[in-house]
Amino acid sequence: MRNVVFFHIFTSLALIISACDSHEQEKGEIGKTAEDFAIAYFNYDFTRASKFATDDSRKWFEFEASNISEENIRQLREMEKGATAELKGINVVNDSTARVHIRINNFLAVDSIGGFGRIVDEKTFVLQLQRSGEGTWKVRMEGP
């Protein structure tokens, strides 16, 4: 009898630990995708950023790329250091949706088409991620 109770306790603990490890691994994948996307996107490397985004988000990269002015390109080249990203929180909403709060430091913000950009020291954004058909996490953009 004692062995049966021990077996049930051990099995329950193993399942709980396994579930926690799986959840933490999933959060790690979500965080890595969000961080890789953000670094590429906020450094205007849209080709790389699109690898971490859903297919329907790619239209926004084309839009942004077509609206970068020569002045913005000059500003980007003159920056001493590129944009950096820091994860602030991950909220797994369900098995196919997550929200990531991420702080971006030292990035060029362009407010209008053809307008001059300005360097922003830091700002926090919320990225929406969804699980793709292949099981990988991708950033879903609803606008630039």
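- Between the side chain of Thr97 and the backbone N or O of Val93 there is no donor-acceptor pair closer than 3.5 Å.
- Ring planes of Phe42 and Phe107: perpendicular class, angle over 60° (limits at 30 and 60°).
- Note that NZ of Lys32 and CZ of Phe52 are 6.5 Å apart. Values are rounded to the nearest 0.5 Å.
- A pairwise comparison of heavy atoms in Ala40 and Ala49 identifies CB-N, 3.6 Å as the closest pair.
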Next on the checklist: Checking Asn91 against His101 for the side-chain contact (heavy atoms from CB on, under 4.5 Å) test, could you report, in this order, the C-alpha distance in whole Å, the side-chain angles of both residues, the deciding distance, and whether it holds?
Outcome noted: CA-CA 8 Å; Asn91 178 23; His101 293 258; 5.7 Å; no

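- Contact check for Val139 versus Gln130: no side-chain heavy atoms found under the 4.5 Å cut-off.
- Proximity of Glu26 to Trp137: side-chain heavy atoms (C-beta onward) are separated by under 4.5 Å at one or more points.
- For the pair Ile102 and Glu86, the minimum side-chain heavy-atom distance is 4.5 Å or more.
- Annotation for Arg131: atom CZ counts as buried by contact number, over 12 foreign heavy atoms lying within 6.0 Å.
- Within a 6.0 Å radius of CZ in Arg77, other residues, nucleotides and ligands contribute 12 heavy atoms or fewer.
- Considering only heavy atoms from C-beta on, Tyr41 comes within 4.5 Å of Met141 through its side chain.
- Between Thr84 and Ile39 the shortest side-chain heavy-atom distance does not fall below 4.5 Å.
- With Asn43 contributing its side chain and Ala83 its backbone, the two residues share a donor-acceptor pair below 3.5 Å.
- A donor-acceptor contact shorter than 3.5 Å links the side chain of Lys138 to the backbone of Lys51.
- The cluster map of Ile, Leu, Val, Met, Phe, Trp and Tyr, joined by side-chain heavy atoms under 4.5 Å apart, puts Met79 and Val120 in the same cluster.
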Checklist entry - Where do Val100 and Leu87 land on the side-chain contact (heavy atoms from CB on, under 4.5 Å) test, with the steps shown first? => result CA-CA 7 Å; Val100 176; Leu87 292 175; 3.5 Å; yes

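- Counting only distance, with no hydrogens or angles, the side chain of Asn106 and the backbone of Lys81 share a donor-acceptor pair below 3.5 Å.
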Checklist entry - Between Val110 and Ile68, does a side-chain contact (heavy atoms from CB on, under 4.5 Å) hold up when you go through it step by step? => result CA-CA 8 Å; Val110 180; Ile68 295 176; over 6 Å; no

Next on the checklist: Please evaluate residues Leu127 and Arg99 with respect to the criterion side-chain contact (heavy atoms from CB on, under 4.5 Å), reporting the C-alpha separation (whole Å), side-chain torsions for both, the decisive distance (0.1 Å), and the verdict.
Outcome noted: CA-CA 6 Å; Leu127 301 179; Arg99 284 188 201 96; over 6 Å; no

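- Looking at Ile104 and Glu122, their side chains never come closer than 4.5 Å, going by heavy atoms from C-beta outward.
- For Glu64 and Tyr44, the side-chain atoms include no donor-acceptor pair closer than 3.5 Å.
- Residues Arg74 and Leu76 have side chains not in contact (no heavy-atom distance under 4.5 Å, counting atoms from C-beta outward).
- Side-chain atoms of Arg58 come within 3.5 Å of backbone N or O of Ser50 as a donor-acceptor pair.
- Contact detail for Lys27 and Val92: the closest heavy-atom pair is CG-CG2, 4.1 Å.
- For CD of Glu78, the number of neighbouring non-hydrogen atoms (other residues, nucleotides, ligands) closer than 6.0 Å is greater than 12.
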Item to check | side chain to side chain donor-acceptor pair (under 3.5 Å) between Ser69 and Glu71, intermediate numbers included | outcome: CA-CA 5 Å; Ser69 70; Glu71 176 62 24; over 6 Å; no

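- Aromatic ring pairs are classed by plane angle as parallel below 30°, tilted from 30° to 60° and perpendicular above 60°; the pair Phe63 and Trp60 is perpendicular.
- A donor-acceptor distance shorter than 3.5 angstrom exists from the side chain of Thr33 to the backbone of Glu29, with no hydrogens or angles considered.
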